[in-house]
Amino acid sequence: MNRQPTAFEQRVYDAIVQIPKGKVTTYKALAEKLNCGSSQAVGQALKRNPNAPEVPCHRVINSQLKIAGYMGKTEGDAVTRKLDLLAAEGVEFDAQGKLSNPACLLV
DNA sequence: AGGGTGACTGCTA
DNA sequence: GTAGCAGCCACCC
């Protein structure tokens with residue numbers, strides 16, 4: 001375990017860490033920032049690297065403005081907790097688990 | 001060295 | 001509005 005993150009992954013984390021509190025971003029926007037045409041690669045970086053508090057990966061959502069997954073799980077308490085974290089940051093979500101306030105979306 | 005997967009996205013039925 | 005298929009890049013086995 002504890003495999004070393006690649007340059008690409010580090011870049012992803014760096015971009016996420018730069019996200020201000022109360023704001024969220026999408027995988028696509030991140031991919032564009034990293035000059036990577038594939039958002040899936042970004043998701044891979046997070047899935048294979050649960051950096052948790054070091055990187056607020058919970059501020060990263062998909063194009064549907066919904067939580068894609070957390071801690072390597074696409075559903076379950078992990079995702080729910082992630083939603084709660086965002087709520088604590090000031091990001092409002094609706095009963096559907098979608099971003100209720102698009103103003104929090106960082107572009 | 002090669003194949004398969006995925007915390008995605010967009011389009012079509 | 002919901003469901004299914006194809007495309008995309010990077011990582012893992």
Side-chain angles (χ1 to χ4, degrees):
Chain A
M1 66 172 273
N2 262 20
R3 49 167 283 288
Q4 315 240 123
T6 66
F8 186 85
E9 292 177 336
Q10 293 237 353
R11 212 149 104 169
V12 177
Y13 307 143
D14 186 59
I16 295 169
V17 170
Q18 287 176 55
I19 301 174
K21 173 174 161 264
K23 294 267 182 188
V24 292
T25 188
T26 64
Y27 292 97
K28 194 173 164 46
L30 231 77
E32 296 264 314
K33 225 180 272 282
L34 304 173
N35 211 20
C36 176
S38 191
S39 44
Q40 209 156 19
V42 180
Q44 278 284 39
L46 298 176
K47 185 200 174 199
R48 300 290 179 191
N49 295 286
N51 297 35
E54 286 208 44
V55 179
C57 30
H58 58 263
R59 285 183 192 156
V60 187
I61 59 177
N62 64 2
S63 281
Q64 295 177 45
L65 305 179
K66 292 190 310 199
I67 306 299
Y70 192 52
M71 284 178 64
K73 297 166 191 311
T74 56
E75 50 176 25
D77 270 16
V79 178
T80 305
R81 211 157 48 229
K82 181 165 169 174
L83 219 81
D84 191 51
L85 267 162
L86 286 164
E89 302 249 321
V91 186
E92 299 177 44
F93 282 84
D94 60 17
Q96 297 177 41
K98 289 182 196 151
L99 185 64
S100 188
N101 188 359
C104 300
L105 181 55
L106 191 70
V107 285

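As a basis for the values below, the full set of heavy atoms in this structure was taken, side chains included, without hydrogen atoms, waters or symmetry mates. Chain identifiers are assigned alphabetically (A, B, ...) following the order of the sequence lines, protein sequences preceding nucleic acid strands; residue numbering begins at 1 within each chain.
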Are side-chain heavy atoms of A:Val60 and A:Val12 found at a separation under 4.5 Å? no
- Query: Could A:Arg59 and A:Glu89 be called an ion pair, given the rule that one side-chain N must be under 4.0 Å from one carboxylate O?
  - Reply: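 Result for this pair is yes, salt bridge flagged.
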Mind listing the N/O atom pairs, protein and nucleotides 9-13 of chain B, below 3.5 Å?
residue	atom	partner	partner atom	Å
B:dT9	OP1	A:Ser63	N	2.5
B:dT9	OP1	A:Ser63	OG	2.6
B:dT9	OP2	A:Ser63	N	3.1

What is the distance from [atom1] of [X] to [atom2] of [N], rounded to the nearest Å?
X       : N     : atom1 : atom2 : value
A:Glu32 : C:dC9 : CD    : C1'   : 13 Å
A:Leu46 : B:dG6 : CG    : P     : 16 Å
A:Ile67 : B:dC8 : CD1   : P     : 11 Å
A:Leu85 : B:dA7 : CG    : C1'   : 15 Å
A:Leu30 : B:dA7 : CG    : C1'   : 12 Å

Dump every N/O contact between nucleotides 11-13 of chain C and the protein below 3.5 Å, one line per pair.
residue	atom	partner	partner atom	Å
C:dC11	OP1	A:Thr6	OG1	2.2
C:dC12	OP1	A:Arg3	NE	2.3
C:dC12	OP1	A:Arg3	NH2	3.1

A:Arg11: salt bridge (Lys or Arg N to Asp or Glu O under 4.0 Å) partners, not counting sequence neighbours:
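If we apply the salt bridge (Lys or Arg N to Asp or Glu O under 4.0 Å) test to A:Arg11, skipping adjacent residues, there are no hits.
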- Task: Remember a base hit wins even if backbone is also touched, and classify A:Lys82 as base, sugar-phosphate or nothing at under 4.0 Å, heavy atoms.
- Result: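 If one applies the 4.0 Å heavy-atom cut-off, A:Lys82 turns out to touch a base.
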Requested in this report: Examine the side chains of A:Asp14 and A:Gln18 and answer whether a donor and an acceptor come within less than 3.5 Å of each other.
Outcome: yes
In this structure, which one of A:Leu106, A:Leu65, A:Leu105, A:Ile19 forms a side-chain contact (heavy atoms from CB on, under 4.5 Å) with A:Val24?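 Passing option: A:Leu105.
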What's the shortest heavy-atom distance between A:Ala31 and A:Ser38, and which atoms?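 The pair with the smallest heavy-atom distance is CB-O, 3.7 Å.
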Tightest non-hydrogen contact, residues A:Tyr13 and A:Ala45, listed as OH-O, 3.0 Å
For this session: State whether the number of non-hydrogen atoms from other residues, nucleotides or ligands found under 6.0 Å of A:Asp77 atom CG is greater than 12.
Result: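 No, because the 6.0 Å sphere around CG of A:Asp77 holds 12 heavy atoms or fewer from other groups.
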